[in-house]
Amino acid sequence: ETGVTQTPRHLVMGMTNKKSLKCEQHLGHNAMYWYKQSAKKPLELMFVYNFKEQTENNSVPSRFSPECPNSSHLFLHLHTLQPEDSALYLCASSLGLAGGPGTDTQYFGPGTRLTVL
Amino acid sequence: SQKIEQNSEALNIQEGKTATLTCNYTNYSPAYLQWYRQDPGRGPVFLLLIRENEKEKRKERLKVTFDTTLKQSLFHITASQPADSATYLCALLMDSSYKLIFGSGTRLLVRP
């Protein structure tokens with residue numbers, strides 16, 4: 001295990017539902033990330049948090065709302081999603097500023113497989 | 001436009017042979033390049049990092065090269081084993097950035 005856990009592992013939701021994905025890291029890292037991985041496409045960075053502050057929002061639609069209450073926990077709140085949002089959502093963490101850019105390798109969780117009906 | 005290309009076709013090799021995977025990029029000047037392994041249904045796992053001023057990096061049976069002139073990285077697995085079968089992702093990191101940009105990955109199949 002990488003020290004990054006994600007729940008739930010699988011989620012099926014309707015377009016009108018509201019749900020949340022949870023990520024927790026036990027590595028003492030300072031930076032956390034949300035990625036989207038669709039079939040046959042590269043990993044797409046969605047959000048970056050460094051020391052609980054959002055430093056990157058990669059033009060993500062507002063139906064995805066991140067929350068980082070502390071450096072160990074990251075949430076992704078979902079509402080009124082579209083079928084094309086079905087994908088594997090991956091959380092990652094890294095040392096962040098403490099590790100220095102470039103040397104900052106990322107540790108990924110197992111992902112949440114999301115299906116939007 | 002900026003692009004990272006990895007061979008989308010699976011690489012199928014015999015156990016014991018050397019696997020070589022390619023990562024090409026255009027319109028980037030990365031300071032660092034990383035390789036990750038991803039198994040089905042799981043998140044990527046970091047393997048190796050190489051800096052722009054390094055030509056080659058090794059770790060056990062793994063070797064990575066980085067040619068900033070050709071804008072290419074090669075990833076080699078020597079004495080390949082069926083357990084090496086997975087998808088391998090390359091990722092670029094710009095200087096002073098935490099934003100990893102990933103390729104689509106190449107699937108490696110090692111036949112016993």
Side-chain angles (χ1 to χ4, degrees), chain A residues 1-6 9-10 21 23 25 27 29-51 53-59 87-114, chain B residues 1-10 23-26 28-54 57 59 62 64 66 68 73 86-107:
Chain A
E1 297 302 322
T2 63
V4 181
T5 58
Q6 289 187 245
R9 294 293 309 276
H10 300 272
L21 310 185
C23 175
Q25 57 95 0
L27 301 168
H29 287 168
N30 303 305
M32 296 188 78
Y33 310 77
W34 279 117
Y35 287 88
K36 175 183 178 182
Q37 189 174 35
S38 305
K40 307 291 184 185
K41 287 188 174 181
L43 277 163
E44 298 173 50
L45 180 66
M46 299 174 72
F47 301 103
V48 181
Y49 278 82
N50 222 340
F51 289 94
E53 297 296 320
Q54 185 175 317
T55 58
E56 184 89 23
N57 177 337
N58 212 21
S59 302
L88 181 68
Y89 288 84
L90 290 158
C91 172
S93 71
S94 71
L95 276 171
L97 285 168
T103 60
D104 201 48
T105 60
Q106 295 183 15
Y107 294 76
F108 285 82
T112 295
R113 174 67 62 185
L114 173 67
Chain B
S1 63
Q2 297 170 323
K3 198 189 293 187
I4 303 173
E5 287 186 343
Q6 293 186 259
N7 195 338
S8 58
E9 289 184 23
C23 176
N24 294 300
Y25 58 92
T26 58
Y28 285 115
S29 295
Y32 311 88
L33 190 145
Q34 301 182 8
W35 283 88
Y36 288 76
R37 168 184 172 142
Q38 186 173 22
D39 291 284
R42 307 187 81 164
V45 175
F46 170 76
L47 296 174
L48 280 169
L49 177 150
I50 188 165
R51 294 173 173 78
E52 62 177 340
N53 60 352
E54 296 177 318
K57 198 72 149 312
K59 179 183 175 182
L62 309 180
V64 171
F66 192 9
T68 55
S73 175
T87 296
Y88 292 86
L89 309 172
C90 75
L92 306 183
L93 195 61
M94 306 304 157
D95 204 4
S96 302
S97 169
Y98 301 95
K99 185 176 172 179
L100 272 177
I101 303 164
F102 283 86
S104 300
T106 297
R107 188 169 170 222

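Chain identifiers are assigned alphabetically (A, B, ...) following the order of the sequence lines, protein sequences preceding nucleic acid strands; residue numbering begins at 1 within each chain. Just so you know, these numbers come straight off a predicted model, no measurement behind them.
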Contact origin within B:L89 toward chain A - heavy atom pairs under 4.5 Å
side chain
Does any heavy atom of chain A fall under 4.5 Å from the side chain of B:Q38, the backbone, both, or neither of them?
side chain
Going from OH on A:Y35 to CG on B:L100, what distance comes out if it is rounded to the nearest 0.5 angstrom?
4.5 Å
CZ of B:F102 to CG of A:L45, rounded to nearest 0.5 Å, is 9.0 Å
Heavy atoms from other residues, nucleotides or ligands near OH of A:Y49 exceed 12 (cutoff 6.0 Å)
yes
Examine whether an atom of [X] lies under 4.5 Å from a heavy atom of chain B, and if so say whether it belongs to the side chain, the backbone or both; otherwise answer neither.
{"X": "A:L43", "result": "both"}
{"X": "A:R9", "result": "side chain"}
{"X": "A:Q37", "result": "side chain"}

If every non-hydrogen atom of A:L90 is compared with every non-hydrogen atom of B:P44, which pair is closest and at what distance?
CD1-CD, 3.9 Å
